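Single-structure report; data block below.
Because only heavy atoms are used, hydrogens play no part in the values below, and waters and symmetry mates are left out as well, while side chains stay in. Remember, it's a predicted structure, so these values are computed and weren't measured experimentally.
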There are 2 protein chains.
Amino acid sequence: MSSYKDIQRLTGLSLATISKYFNGRTVLDENRRAIEEAAEQLGFRPNTIARNLRSGRSRTVGVLLPALTNNFHLTIIAGVEKALHDAGLSVLVAASPEPGDAVGLLMSRMVDGIITVPPPHDVPALAAAAAGIPVVQVDWQADGLATDGVFLDNRGAGALAARLLIDHGHRRIGLVGGTPDVSTHRERSAGFRAELAANGITPDDTLLTAGAWTVAGGQESMRHVLAARDRPTAVFCASHELTLGALIALNDSGLRLGRDLSLVGFDARELAMATLPRLSIVEQPTHEIAARAAERLLARLADPGADPEPVLVTVDPHFVPGASVAHLDG
Amino acid sequence: MSSYKDIQRLTGLSLATISKYFNGRTVLDENRRAIEEAAEQLGFRPNTIARNLRSGRSRTVGVLLPALTNNFHLTIIAGVEKALHDAGLSVLVAASPEPGDAVGLLMSRMVDGIITVPPPHDVPALAAAAAGIPVVQVDWQADGLATDGVFLDNRGAGALAARLLIDHGHRRIGLVGGTPDVSTHRERSAGFRAELAANGITPDDTLLTAGAWTVAGGQESMRHVLAARDRPTAVFCASHELTLGALIALNDSGLRLGRDLSLVGFDARELAMATLPRLSIVEQPTHEIAARAAERLLARLADPGADPEPVLVTVDPHFVPGASVAHLDG
DNA sequence: CTCTCGAAAAGAAACGTTTCGCTCTCTCTC
DNA sequence: GAGAGAGAGCGAAACGTTTCTTTTCGAGAG
C-alpha cells in the first residue's frame, strides 16, 4: 500500500532516517513523533518482502513435513509457530508427500532456517540446504543428514513401558511395533526388548511384532498377538496409530481391556481418557520437542559462527498412568 | 545464491530474456538451451522474494487461526496446504490467540489471500484486509465480516443427530452443547432443538445444556445431564471436545455407553473407533471444507473483477454409524 | 534490392527496503 | 576557543526480479 516514500512526503525526512526508526534505532524525538503520526495516518507497515530482499533474511522458517496427515506432525507446526512467533519469526508450511522440490521451494523463499521431520526423498536437498542455513531435524534422524536434532529418547520410552509391565508382574508380554526402517521405531522396540531381556524374559518373537506404522498395521499386529497359542497378559503399542489399531482389534476380539489384557499405549492422550478403563500410556512431550527445535534454530540463527558440530537434544518420555495395566500376583 | 546476473554472465543474454524464459514465454531455442545449461550448472532457482516484490504478488496465502490447539483447525492447515500446493501456492501459518497485529503481519508479507477461522479480535483488521485481497472464512462466520465462506450446515448437523435418536425411539433426549456466542454452536443446538420440537418433543431445559466449548465443559454438562431427576435415554454432544468430555463423565459415572445411555458424538472419528461400543457420530468433512475454501480463494484470485458479493458454501455433515445408540421399543 | 512487419532481444526503470559513506551539529576537553 | 568525537541525518547504491519501451534481426513481398 503505502511505503517509506509516503512517509517521506509527509515528514520531509530521508528514507534512511525512516528506516532507522522502523528498525528500532535512535531517531530525534521530534522526528520519531512525525514518523509515528504519518505511519498512523497512512496505516503503514513496512513491507516485509522488500525488507527480506534487501537484508537477505526473511524472518521466516520453513517447516517441512512428510505429510500433514499425522497428528504428531501437525502438532509440531503448532509448537514451532508458538515458539517462533515470540521471536518475531513466521512459519511457512511445506508438505512433501512425494518427491519434488519442496526444499528448493523453501530456499527460493529465503527461509532463514528449516525445521523438519525429514521426508526420505528430501534428504539430499536438505543436506545441501544445511550448508547455507540451519536445519533442525525432529522425530527421526535421517541417515547422512548431520544437523542439529531433537528426538525422543525412544530406547528409554520402550524400556519405560517394559519396566512398567514387568513391575506389575507381567512376564508374558507382547509388542505391537512399527517397521524397523525408521530409526524411531527401531529404537523404541529395541529399548523394549532390551528391558525385557534385562529382566530375564526371553523374547518370544511371535509376540513381538513389527508391522506397518498405521492403524491397520496395529490392528493386524494385535490380532496376530491375540491369536498366539499362549496369549500374552500384556501388550505395549509403540505409537499412536498402533495403539488405536490395537484397541480396535482388542475390542473386536471380545476381550476386555485391563482385565483380559493389560495394555500400554503411546502418544494417545485423548484416546486414553475415553477408554474404559483409561489407558496407561507413554507419551512424548510433543510441545517440548517443537519448542526445543525452535530454540535450537534460534540459537543457530543468533550465532551463525558457532561450532558447526551437530547438537542433538534428547527429551524424555512421560508416563501417564491409567487403569489398563492389571497387577498380576506371583 | 545465484541470480539472473550469473546466468547473464554465462550466456551473454539480457536479463529481460532470461526473465522471459523463467516465466514460460517464448525464447529462441538456442537461448533456451543456453539458459537451461547455465541454470543447471549454477543450481539456480529464481528468487521468489524478488519476484514477489516486483510483481506485487507473493503466491502465498495466509492461514489465520485463533489457536493451534484445536485439531479441527490444524486439519484446516493440512487441507488448505494440499489444495493450494497443487496450484503453486504456499501457506503461511499465523495463530492469533490474543489481540495483536496478526493480519498486519500477513499483509506485510503480501499474502495474496487469507483463509481464516476468524479470531474475534482480528475481525476489524480482516474486514480491512478483505478490501484488498480475497478472504475466505471457515468454520464460523464473524459478525460484520462479509466475505466468502465455507461452513458446515450446522443446523442440519444438529437436526441429523436429533432425528437419529428419535428414529431409534428415544423421546427423552439431552444435549451437551456449547455456548451460543459462537454461531456454529448456536446453529447446531438450534437445529437439534427444532428437530425435537418438530417431532412433538417438548424441550426440557434441564437436559439441554450450553457450557464451555471444552473437554471440561463437556464433562460438567454431562454430569449435569446425568444428575437430572429423570435421566435421558440419549444424549447428543455437539463438538469433538464436548464429546470427549461427556465420554469421560459417562465413564466416571459407572453408567454404560449404549446400554444405560445412548450417545451421538461429533467430529471424533478416532475416539469413535476406540470406544466400546463404537460411538455413532456426526462428522463434518474437514478436508472438504478446507478444499472448498482453497477453491473459493483460487477462484477469487483467478478473477479479481468478479462480483464482490460474498459466496457462501455450505457442506453437509456425515453420519458415521457406531453402536452407541440403543434401539428403544414402544 | 529495398521495404515492411513481426518476433525476439536488449536497455532501463521500477518494486520498497537497508546500508554505506558522508556531512552536519553539538558537546566535551585541553 | 579550537579540535575531536559522538549522534543523527542524508543521498545514493544496492538486493533480484519484472515490465515497459526501444532496438535488432530476418523473412517475405513487391
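- Less than 4.0 Å separates DNA chain D from no heavy atom of any residue of residues 101-113 of chain A.
- In this structure, B/S183 and B/Q141 approach most closely via the heavy-atom pair OG-N, 3.6 Å.
- If you check every strand for non-hydrogen atoms under 4.0 Å, B/T48 touches nothing.
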Side-chain donor/acceptor pairs under 3.5 Å, residues 84-95 of chain B, sequence neighbours excluded:
residue: B/S90; atom: OG; partner: A/R109; partner atom: NH1; Å: 3.0

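- For B/R57, the salt bridge (charged side-chain N to carboxylate O under 4.0 Å, His left out) test picks out no residue, with sequence neighbours left out.
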With a 3.5 Å cut-off and sequence neighbours excluded, list the donor-acceptor pairs that the side chains of residues 116-129 of chain B form with protein atoms.
residue: B/T116; atom: OG1; partner: B/L64; partner atom: O; Å: 2.8
residue: B/H121; atom: NE2; partner: B/S96; partner atom: O; Å: 3.0
residue: B/H121; atom: NE2; partner: B/S96; partner atom: OG; Å: 3.0
residue: B/H121; atom: NE2; partner: B/E98; partner atom: O; Å: 3.3
residue: B/D122; atom: OD2; partner: B/S96; partner atom: OG; Å: 2.5

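- Listed by residue number, the members of residues 27-35 of chain B with any heavy atom below 4.0 angstrom from DNA chain C are B/V27, B/L28, B/N31.
- Here the CZ-CZ distance, from B/F44 to B/F22, works out to 5.0 Å after rounding to the nearest 0.5 Å.
- Counting 5' to 3', DNA chain C first comes under 4.0 angstrom of a heavy atom of chain A and last does so at the ends given by C/dC15 to C/dT19.
- For the salt bridge (charged side-chain N to carboxylate O under 4.0 Å, His left out) test, no residue two or more places apart in sequence or in another chain qualifies with A/D303.
- Of the side-chain N and O atoms in A/Y21, none sit less than 4.0 angstrom from OP1 or OP2 of D/dG9.
- Only A/L15, A/A16, A/S19, listed by number, bring a heavy atom of residues 8-20 of chain A to less than 4.0 angstrom from any atom of DNA chain C.
- Heavy-atom neighbours of B/D143 CG from other residues, nucleotides or ligands within 6.0 Å: at or below the threshold of 12.
- Interface residues of residues 52-61 of chain B facing DNA chain C, ordered by number: B/L53, B/R54; criterion, heavy-atom separation under 4.0 Å.
- Under the 4.5 Å side-chain criterion, counting only non-hydrogen atoms from C-beta, A/F151 is not in contact with A/V313.
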Side-chain donor-acceptor pairs of residues 288-300 of chain B under 3.5 Å, sequence neighbours excluded:
residue: B/E288; atom: OE2; partner: B/R292; partner atom: NH1; Å: 2.7
residue: B/R296; atom: NH1; partner: B/D148; partner atom: OD2; Å: 2.6
residue: B/R300; atom: NE; partner: B/D148; partner atom: OD2; Å: 2.7
residue: B/R300; atom: NH1; partner: B/D307; partner atom: O; Å: 2.8
residue: B/R300; atom: NH2; partner: B/D148; partner atom: OD1; Å: 2.8
residue: B/R300; atom: NH2; partner: B/D148; partner atom: OD2; Å: 3.4
residue: B/R300; atom: NH2; partner: B/E309; partner atom: O; Å: 3.0

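- When the C1' atoms of four end pairs are superposed on the next four at each end of the helix from C/dC1-D/dG30 to C/dC30-D/dG1, using five pairs per end, the two resulting axes differ in direction by 50°, to 10°.
- Remark: B/E37 engages no residue in a salt bridge (charged side-chain N to carboxylate O under 4.0 Å, His left out) (not counting sequence neighbours).
- Looking at B/D6 and B/L10, their side chains never come closer than 4.5 Å, going by heavy atoms from C-beta outward.
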